[in-house]
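A short write-up of the structure that comes next.
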Amino acid sequence: NKAFDNSWSHTEYDYYKETGKITTSCNACSPSKACHIDCSLSYGDDLNNCWCSGSNDCCKECGHSMSSHTHLGWKSRAKTVHTSDVDEDMKFTFFNAEEKKKEITKRKKELMHELEKLEQERKTATTSIQEKYKDLQEIAIIGYNESFETYMKECQAAVAKDPSLTKEEKQ
């Protein structure tokens, strides 16, 4: 994971002796560079006739003078080198965060399920209350509505305050 792992790979070359094979190598490069592997020239041939020899007797591969080059009986073998660079603290933090995320997701799912259950209970209760109000309206002498009690209290207060009524009439 790129959050904590900065590992990378690159190619390096191993050089090994191979009988009958010649490599044109530069001694001016540090470390010595194989400019032309499997050169068809023989030992002692003029290196200016090598494939890697460019204009002005300079190497096309490294740019150094061909007089800095030599023939060697070495061959190169490419190998991939992996460099590990893992930030252990960041890795620990990353995996802790991943675990916490799973816990939160699980808890959220539980809460959503509980909320759905409560919502269904609310709907059932609302339906039941509406049915009971409907039943009450059918059996009540006076039509029932939610404001009736408040209305009756206001009427009683108005009668109690009315100075034109006698004490007996107010009762």
| task | May I ask whether Val86 and Phe95 are part of the same hydrophobic cluster, defined by side-chain heavy atoms of I, L, V, M, F, W, Y residues being less than 4.5 angstrom apart, directly or through others? | result | yes
| query | Under 3.5 Å, side chain of Ser68 to main-chain N/O of His64, donor-acceptor pair present? | reply | no
| remark: Value for SG (Cys26) from NE2 (His69), rounded to nearest 0.5 Å, stands at 4.0 Å
| query | Tracing side-chain links under 4.5 Å among I, L, V, M, F, W and Y, which residues wind up in one group with Val159? | reply | Leu165
| said: Show me the pairs that pass salt bridge (Lys or Arg N to Asp or Glu O under 4.0 Å) and involve residues 79-102, at least two apart or across chains. | reply: Asp14-Lys79
| field | Separation between NZ of Lys108 and CG of Leu111, rounded to the nearest 0.5 Å | value | 10.0 Å
| request: Considering only Ile, Leu, Val, Met, Phe, Trp and Tyr, and joining two whenever side-chain heavy atoms are under 4.5 Å apart, list the other residues clustered with Leu41. | output: none
| field | Distance in Å, Lys33 NZ paired with Cys52 SG, rounded so as to fall on 0.5 Å steps | value | 9.5 Å
| request: Could you list all the salt bridge (Lys or Arg N to Asp or Glu O under 4.0 Å) pairs where at least one residue sits in residues 48-60, not counting sequence neighbours? | output: none
| note | Residue set satisfying side-chain hydrogen bond (donor to acceptor under 3.5 Å, both in side chains) with His71, at least two apart, ordered chain then number -> Thr24
| field | Set of side-chain contact (heavy atoms from CB on, under 4.5 Å) partners for Ser164, sequence neighbours left out | value | Asp162
| Can you name the residues that form a side-chain contact (heavy atoms from CB on, under 4.5 Å) with His10, not counting sequence neighbours? | Trp8, Glu12, Val81, Thr83
| note | Residues pairing under salt bridge (Lys or Arg N to Asp or Glu O under 4.0 Å) where one sits in residues 114-134, two or more places apart or in two chains, turn out to be Glu119-Arg122
| note | Tightest non-hydrogen contact, residues Cys35 and Glu61, listed as O-CG, 3.2 Å
| field | Members sharing Met66's hydrophobic cluster (side chains within less than 4.5 Å) | value | Leu47
| Side chains of Asn27 and Thr70: closer than 4.5 Å at any heavy-atom pair? | yes
| Between CD1 of Ile129 and OG1 of Thr124, what distance do you get to the nearest 0.5 Å? | 11.0 Å
| Quick one: side-chain hydrogen bond (donor to acceptor under 3.5 Å, both in side chains) partners of Ser67, sequence neighbours excluded? | Ser65
| Which residues pass the side-chain contact (heavy atoms from CB on, under 4.5 Å) test with Thr166, sequence neighbours left out? | Glu168, Glu169
| Under the side-chain contact (heavy atoms from CB on, under 4.5 Å) test, residues paired with Asn96 that sit two or more places apart | Phe92
